[in-house]
Amino acid sequence: MSGARYRALPLGGSLEADLIRRDDGSTLVVSREALQPYAKRLTDRFLHWAEAAPDRALVAKRVDGGDWRRVSFAEALKGARSIAQALLDHKVSVERPVVILSDNDIEHLLLALGAMLAGVPYAPVSPAYSLISQDYGKLRHIVEQLTPGLVFASGPAYAKAIAAVVPADTPVVLTEGALEGRVTLAFADLLNTEPTAAVDAAHDKVGPDTIAKFLFTSGSTKLPKGVINTQRMLCANQQMIRQCFPGLAGEPPVLVDWLPWNHTFGGNHNIGITLYNGGTLYIDEGKPTPALIGETLRNLREIAPTIYFNVPKGFEEIANALETDAVLRKTLFSRVKMFFFSGAGLSQPVWDKLDRLAEQECGERIRMLTGLGMTETSPFAICANAWEVKSGHIGLPAPGLELKLVPMGDKQEVRYRGPNVTPGYWRAPEQTAEHFDAEGFYCSGDAAKPMDPADPGKGFVFDGRIAEDFKLSTGTFVSVGPLRAKIIAAGDPLVQDVVIAGINRSEIGILLFPRLDACRAYAGMAANVPPHIVVGDPKLRAFFQRLVDVMHSTGSGSATRVARALLLAHPPSIDRGEITDKGSINQRAVLTHRDADVVRMYIGTDRDVIVPR
C-alpha cells in the first residue's frame, strides 16, 4: 500500500480468492468470503425501511428545475400499494407485463415498486427508442417480445412512438395529457386506487424465482434481448455489494445519480443499493455532456453524496469543474466515502486529478473503485476494491459468485455462475442456450488477465471483448480493447471514441469520432459550426495528425501500430446500434454500417485519410 492517506472505507468480499486450475485449461476463481443470507424479495427490504425509517426520503427530484420534491419510504409504500391494486385490476401478469417509457422519475420508481408488490414484471425501456429513434424498430421489437398488459409513459412526448408500436387495445397510463384517438389513464388514478387484501395476497406469492423485471440489452449487433431479472438475482447481488462495501450497512447511503434505470448499473445496482440499505436517491437530470453537465454540477454543489457513481466521462467532467469550483469541492468531498465507475476505462490522469483535488480540499483521497459486470449478472460480479486500484483493474469475484476463465485463443473468456446470474432471455430459448456452457456458466464474451501473472491472486485486469478482436491478414491478432483505450487517452479531450479496423488487412486503421464541442472550442469556432466544417479545420487536422504519428511510432508491431485514420463527421447512430443511450460504442456495428468509410480509409487516396508522416 502506498503512503497516500485515504478516507476510511471498510472493504471486504472480493479481497481474496481461491484459484483452481483444471485439467481442461480453465481456472475457477472463488472469493474466500462466503455469501451471507440475503432477503427473499427486494420488496422485503423496502417494507423493512418503510417501518424502520418511514419519514426518511427514499427518492427526490427537482420540480421543474426548482426545489426538490422528496418522497419518504412511507409515502412510497402507500403509493406503491395503490399502484399494485390498480395493476391487479388490469390483469397484468408475467405474460402481459408492464412496460415503462420514461426517464428516471419518481412516478417511474413508484410504478416499479407497485409492480413488484403485485408480483408482476416490469420492463423499463430506453427513452431513446421512443424519442430519438426514427423508425422505432427496437421499441417495436420489445413490445412484440413482451406483449404488455399496460404501458406507462411519462408524458405526451411518447405519443408518436406509442401510436406506432403499441396495440390499440393496450391500456396506456400517462403522468399528464392524453393521446389522441386512444383511451388513456392518468397516473393519478392509479395512486387513488384503494388497495385491498389482494395486494398482500399477491405479494405473499412472490418468491426468489419470481421475475421482478426485464432489462433489455443494447442490441448493438442484433435486436435487444430481454434479460430475465428474478428477485433472487437482485437480492443476492445487493448482499454481494454490501459484503464488498460493509460500510453500506452502517450509514444509509445518499446517492446523486443520473444513470438510466433501463440499464442495469442505474436501475439494479444503484436503485438496489438505495432500497436494500435504506438510503436516499436524488435523481440527477444532468448527464456527462456539454449541454447537461451543468445540472449535475449544480446538484453536487447542493447535495453531498456518501457514495458516488458515474461513467468515466462523468468523472472527467467533474474533475475539470472541481479545479475552479470551490463550492463543488467543499460539498462533494464533505462526506463521500468512495467513487465507483464501470463500463469503460477511466484514464489515469483523471484519476490522479481527483486524488490531488481531494487531498487539497480535505487532506485525504477518496477511493476510486471499479469492477466488471453485465446486465446478465444483475450487474455486480467482479470488484476491484483492494487497497491499490489503478486504471484497468477489475479485481476479484464477489462472494457467492463462481468465476471461470476459459482459454479462447490467446485470451481468457470470463464466465459466471451464481445466484445473481440470469436464468436466460425472455421468450428466446435458443439465445439462452447458446450463452451458457455445459456447466451452466454464463459466457460473457469479456476477457480478463492477471494483473501479475506470477501472482494471479492479486486480481485481474480487463482484456477487451473477445468478439471485437480480429486477425490481420498476416495472422496477427489485434486486441481491440487495450488499443482503443490507449488511443482515447492519447486523443483526450478531442476524441469521443474510436473504432479499430483491419480485419483481413495487413495493417490497422482507425475510425475516429471527434468530441465536436471540444473540437470547436479547440479551433476557436462557434457552437453552431456544422460537423463537416469542424473536421476539416487545419488546426484540428494538425492535432489528429500528431495523434496518428504518436500511435504509429509507439506501436510495438503490426497489432498495435496505427497505419491510417479517418475522422468522421457523423456521430454514431443509436438506431443502427452503433452506440447505446449510455454512450457505449459498438465496434462491430460501426464497422458493418460504415463499411464504405473503411474502404475509403484503406484506398488512401482521399484527402480526409490521415497517414503517419
Side-chain angles (χ1 to χ4, degrees), residues 1-11 244-245 247 253-259 265 269-270 282 284 286-290 292-372 383-395 461-462 485-486 488-493 495-496 515 518 583:
M1 187 169 80
S2 74
R5 179 186 171 194
Y6 286 89
R7 181 163 292 174
L9 176 68
L11 299 173
C244 288
F245 308 117
V254 175
L255 279 66
V256 180
D257 193 57
W258 69 270
L259 288 157
F265 192 0
H269 190 280
N270 295 354
Y282 287 84
D284 174 16
K287 285 185 179 180
T289 66
L292 295 173
I293 190 62
E295 181 64 16
T296 292
L297 300 177
R298 173 196 183 196
N299 293 331
L300 290 174
R301 289 187 200 104
E302 186 175 328
I303 306 297
T306 60
I307 51 178
Y308 187 68
F309 303 96
N310 213 322
V311 296
K313 177 58 181 170
F315 279 112
E316 178 185 337
E317 297 285 356
I318 289 167
N320 290 337
L322 285 167
E323 293 264 33
T324 57
D325 193 326
V327 175
L328 179 65
R329 286 197 304 271
K330 182 178 180 180
T331 306
L332 179 59
F333 290 131
S334 64
R335 64 174 177 177
V336 68
K337 302 297 192 302
M338 75 172 190
F339 296 135
F340 189 99
F341 73 91
S342 186
L346 179 68
S347 72
Q348 198 62 51
V350 173
W351 202 311
D352 295 340
K353 183 185 291 188
L354 287 167
D355 283 344
R356 172 175 57 81
L357 291 167
E359 287 179 324
Q360 291 174 359
E361 179 66 30
C362 54
E364 57 190 358
R365 297 179 178 183
I366 309 302
R367 293 197 178 278
M368 176 68 77
L369 304 176
T370 184
L372 183 68
C383 182
N385 63 340
W387 297 112
E388 288 296 324
V389 179
K390 296 293 183 183
S391 184
H393 292 188
I394 56 173
V461 296
F462 184 63
K486 181 180 178 182
I488 291 173
D492 185 65
V495 174
Q496 173 183 313
R515 186 171 286 128

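We number each residue from 1, following the sequence as shown. Quick note: numbers below take in every heavy atom, side chains included, and nothing from hydrogens, waters or symmetry partners.
- The only option from Arg5, Arg365, Lys353 that meets the salt bridge (Lys or Arg N to Asp or Glu O under 4.0 Å) definition with Glu359 turns out to be Arg365.
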Determine whether Phe245 and Leu369 satisfy the following criterion, side chain to side chain contact (heavy atoms under 4.5 Å, CB included), listing intermediate values before the conclusion. CA-CA 10 Å; Phe245 308 117; Leu369 304 176; 3.4 Å; yes
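- Remark: Trp351 CH2 to Phe339 CZ distance equals 12.0 Å, nearest 0.5 Å.
- If you take OG1 on Thr370 and NZ on Lys390, they are separated by 14.0 Å, rounding to the nearest 0.5 Å.
- For the pair Lys313 and Glu316, the salt-bridge criterion is met [side-chain N within less than 4.0 Å of a carboxylate O].
- In this structure, Asn385 and Cys244 approach most closely via the heavy-atom pair ND2-O, 3.0 Å.
- For the pair Ile366 and Tyr308, the minimum side-chain heavy-atom distance is 4.5 Å or more.
- Although no hydrogens or angles enter the test, the distance criterion places a donor-acceptor pair under 3.5 Å between the side chain of Asn299 and the main chain of Glu295.
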Criterion side chain to side chain contact (heavy atoms under 4.5 Å, CB included) on Arg367 and Leu11, from CA distance to verdict: CA-CA 11 Å; Arg367 293 197 178 278; Leu11 299 173; 4.3 Å; yes
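- Considering all non-hydrogen atoms of both residues, Ala518 and Pro493 come closest at CB-O, 3.6 Å.
- Between Phe315 and Met368, some side-chain heavy-atom pair lies under the 4.5 Å cut-off.
- The OG1 atom of Thr296 lies 10.5 Å from the CZ atom of Arg301; values are rounded to the nearest 0.5 Å.
- Taking 4.5 Å as the limit, every side-chain heavy atom of Trp258 sits out of range of all side-chain heavy atoms of Ile293.
- With rounding to the nearest 0.5 Å, the separation of NZ in Lys337 from CZ in Arg335 is 8.0 Å.
- Without hydrogens or angle criteria, Arg7 side chain to Val336 main chain gives a donor-acceptor distance under 3.5 Å.
- Side-chain contact check for Glu302 versus Thr331: every heavy-atom pair is 4.5 Å or farther apart.
- With contacts defined as side-chain heavy-atom distances shorter than 4.5 Å, the pair Asn310/Glu317 does not qualify.
- Salt bridge Glu323/Arg356: present, at least one basic N to carboxylate O contact under 4.0 Å.
- Looking at Phe309 and Asp257, their side chains come closer than 4.5 Å, going by heavy atoms from C-beta outward.
- Phe340 and Cys383 get closest at one heavy-atom pair: CE1-SG, 4.5 Å.
- Smallest separation of non-hydrogen atoms from Ala384 and Val389: O-CG2, 3.6 Å.
- Note that the CG atom of Leu357 and the CD1 atom of Ile318 stand 12.0 Å from one another [nearest 0.5 Å].
- Leu322 is listed as a side-chain neighbour of Leu332, based on a closest heavy-atom distance under 4.5 Å.
- Taking CG from Asp284 and CZ from Arg298, the interatomic distance works out to 10.5 Å, rounded to the nearest 0.5 Å.
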